[in-house]
Amino acid sequence: MVRNIVLTGFMGTGKSSVGKELSTIRNIPFIDTDEEITKKFGPISELFENHGEEFFRKCEHEIILQVAKTSEVVIATGGGVVMDPDNIKVLEASGEIICLTANPEELVNRLTGAGEVGVRPLLDVDDPRNAISTLLAIREDVYKQFAQFDTVGKSPSEIAHEIDDFLNAKN
Ligand code: S3P
């Protein structure tokens, strides 16, 4: 069975756009876990608002179990997926986890632009800049355990080619 390619990384690191490029380069399907959650359970902002983060994480875990059953697919995951060790276990069994990164200032710029904050409930707060640095500090060590690809100053296509080269060199 050919292993999946799983993209993780903080919000705003470009997992979906890089994932789509990578799926084109490797000619395999692309799945976005946030989209799968929305299809099955409804919009993410409504899940947070009506049921809270814990409920959202349960929905997310269910989708992780579902997508991990596939093979030879590029999977872009929500930035919080790898905070659940069970999700890591399931995803590592199904494929290779790759982490996209960007420095904090770049993330603040990308995530606090017009139209960005409202679509991410964790940043839909009085001080999104502070929320970003707090979450980054909490998550840093978890993200660090995966192969990392810096996204600053590069196009999604360039990053996808770097990941493709890395995977080809490994196999
Ligand atoms: C989250 C990231 C979001 C989405 C949800 C929670 C997180 O996905 O799953 O808002 O906890 O980092 P993106 O990383 O695609 O923005």
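Owing to the predicted nature of the structure, the values given are computational and were not obtained by experimental measurement. One-based numbering, in listed order, for ligands and for the atoms of each.
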S.K.: Got a donor-acceptor contact below 3.5 angstrom from the Thr13 side chain to the Ala102 backbone?
M.R.: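 Here the side-chain-to-backbone pair does not exist.
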S.K.: Examine the proximity of ligand 1 to Arg139 and report which part, side chain or backbone, both or neither, has a heavy atom under 4.0 Å away.
M.R.: side chain
S.K.: If you take the nearest heavy atom of each of Ala76, Ser16, Gly9, Pro121, which one is closest to atom 10 (O) of ligand 1?
M.R.: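 Residue with the shortest heavy-atom distance to the ligand atom: Pro121.
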S.K.: Would you mind listing which atoms of ligand 1 come within a distance below 4.0 Å of any non-hydrogen atom of Gly78?
M.R.: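 Heavy-atom distances to Gly78 below 4.0 Å select 8 (O), 9 (O), 14 (O).
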S.K.: Are side-chain N/O atoms of Thr151 and Arg110 paired as donor and acceptor at under 3.5 Å?
M.R.: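 Present: a donor and an acceptor within the cut-off.
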S.K.: Just jot down the salt bridge (charged side-chain N to carboxylate O under 4.0 Å, His left out) partners of Arg26, sequence neighbours excluded, or say none.
M.R.: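 Once residues adjacent in sequence are excluded, the partners of Arg26 under the salt bridge (charged side-chain N to carboxylate O under 4.0 Å, His left out) criterion are Asp164.
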S.K.: In plain terms, say whether Lys58 and Glu62 are close enough for a salt bridge, that is, a side-chain N and a carboxylate O under 4.0 Å apart.
M.R.: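 Judged by the 4.0 Å cut-off on N to carboxylate O distance, Lys58 and Glu62 do not form a salt bridge.
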S.K.: Mind checking ring pair (Phe, Tyr, Trp, His ring centres under 6.0 Å) for His51 and listing every partner two or more places apart, or none if nothing turns up?
M.R.: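 Result, ring pair (Phe, Tyr, Trp, His ring centres under 6.0 Å) vs His51: Phe55.
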S.K.: Closest non-hydrogen protein atom to atom 5 (C) of ligand 1, residue and atom name please, with distance?
M.R.: Phe56 CZ, 3.9 Å
S.K.: Which residue owns the protein heavy atom closest to atom 7 (C) of ligand 1, what's the atom, and how far is it?
M.R.: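 Among all protein heavy atoms, the one nearest atom 7 (C) of ligand 1 is Gly80 N, 3.3 Å.
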S.K.: Would you mind running through ligand 1 and noting each atom that sits below 4.0 Å from a heavy atom of Gly79?
M.R.: 2 (C), 7 (C), 8 (O), 12 (O), 13 (P), 14 (O)
S.K.: Check each atom of ligand 1 against the heavy atoms of Arg120 and keep those under 4.0 Å away; list them by number with element.
M.R.: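 So the answer, numbered in order with elements, is 16 (O).
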S.K.: Please state whether Met83 comes within less than 4.0 angstrom of ligand 1, counting heavy atoms only.
M.R.: no
S.K.: For ligand 1, is Arg57 a contact, meaning one of its heavy atoms is under 4.0 Å away?
M.R.: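 True for this residue.
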S.K.: Flag the pair Arg57 and Glu60 as a salt bridge only when some basic side-chain nitrogen lies within less than 4.0 angstrom of an acidic carboxylate oxygen.
M.R.: yes
S.K.: Out of Leu7, Thr70, Ile63, which one pairs with Ile75 under the side chain to side chain contact (heavy atoms under 4.5 Å, CB included) rule?
M.R.: Thr70
S.K.: For atom 15 (O) of ligand 1, which protein heavy atom lies nearest, and how many Å away is it?
M.R.: Asp34 OD2, 3.0 Å
S.K.: Show which atoms of ligand 1 fall inside a sub-4.0 Å distance from at least one heavy-atom site of Leu122.
M.R.: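 What qualifies from ligand 1 is 7 (C), 11 (O).
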S.K.: Is there a donor-acceptor pair under 3.5 Å between the side chain of Asp84 and the backbone N or O of Asp86?
M.R.: yes
